[in-house]
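So the structure is just underneath, and the comments pick up after that.
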Amino acid sequence: MVSLGPLASTKYCTYSCPFCYVNADFLSYASMTIDEIVSWLSTVEAPFDIIYVSGDTDSFAPPRADQGIALLNALSQFDRDILFTTRAVLSDKQLAQLATLCADLKGKGKLLIGCVSVAQLTHPHLEPPPVPDALLRLRQLHAFHAAGLASILAMRPFLPIVANSEYFDIVDKAVGGADIVLGEVWYADQAGVLERGVFRGDTPPGIEFSQHTMDFDANDALWKVYEPTDVIAAVAEYCGRQGLPFFMRSRPAIDWLRANAFGVEAT
Ligand code: SF4
């Protein structure tokens with residue numbers, strides 16, 4: 001996993017989603033230039049078959065959207081599938097650049113996978129400005145699909161204040177634009193910083209959570225993990241009815257995309 005790193009020494013990301021672990025006990029990735037990222041990847045000896053541009057910041061949010069796309073272009077030299085995730089809305093010119101890169105990767109039998117993150121439709125404080133409106137991001141999901149990218153609706157994380165009906169509405173708006181839907185549990189810090197931001201006050205009683213370390217990062221903090229099995233089951237069932245594969249983890253989602261190939265010859 002790579003990213004452009006923190007936006008600044010005091011701010012990880014252009015955006016300030018109150019549920020996001022970067023606002024709590026999360027150690028930022030190193031801040032590296034694109035050349036440094038490429039050099040570092042060249043030294044990685046463990047085999048890898050995909051590069052994630054994700055992590056501790058939105059590498060495509062202004063003012064770094066062009067830099068994020070330049071990073072994707074630089075990473076294409078590794079001849080691996082590339083997945084990126086964003087809450088930003090890109091310009092037509094930037095979409096055209098993604099379409100060109102996608103075609104190049106397809107020519108090498110590789111996928112460009114674009115994830116558009118949408119956590120809510122009616123709780124704007126969860127994705128406050130300058131995060132673009134959720135409907136604009138959902139429109140971009142369709143644009144990714146039209147540009148030939150494998151497109152993923154990243155409905156992440158599932159939050160206790162968002163109703164099932166709202167998740168169904170988001171899925172409805174993604175039909176025809178998303179190839180896959182991804183959900184995710186919510187990791188909240190022990191000090192309650194993220195809960196206060198999400199609930200805008202005290203944490204309501206009775207919401208179940210477990211406690212463990214992150215399963216996607218090496219930090220050793222103990223997190224409160226909200227994993228709403230009823231919501232996950234309901235969303236999975238709804239996506240199934242809409243003909244959309246649903247996953248809680250990206251790895252099986254990638255496997256599904258590869259199996260369905262999107263015109264890419266398996267290598
Ligand atoms: S855009 Fe992503 S990295 Fe940035 S604050 Fe929101 S969830 Fe965190």
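These numbers come from the heavy atoms of this one structure, side chains and all, not from hydrogens, waters or symmetry mates. Counting convention: from 1, in listed order, for ligands and their atoms alike.
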Check: Y226 ring centre within less than 6.0 Å of F158 ring centre: no

[X] side chain to [Y] side chain, donor-acceptor N/O pair below 3.5 angstrom:
| X | Y | value |
| --- | --- | --- |
| S91 | Q94 | yes |
| D172 | Y238 | yes |
| S16 | K11 | yes |

Strictly under 2.8 Å of atom 4 (Fe) of ligand 1: which protein N/O/S atoms qualify? C13 SG

Using a 6.0 Å cut-off, check whether atom CZ of R80 has over 12 heavy atoms from anything other than its own residue. yes

Would you call R87 and D58 a salt bridge, using N to O less than 4.0 angstrom? no

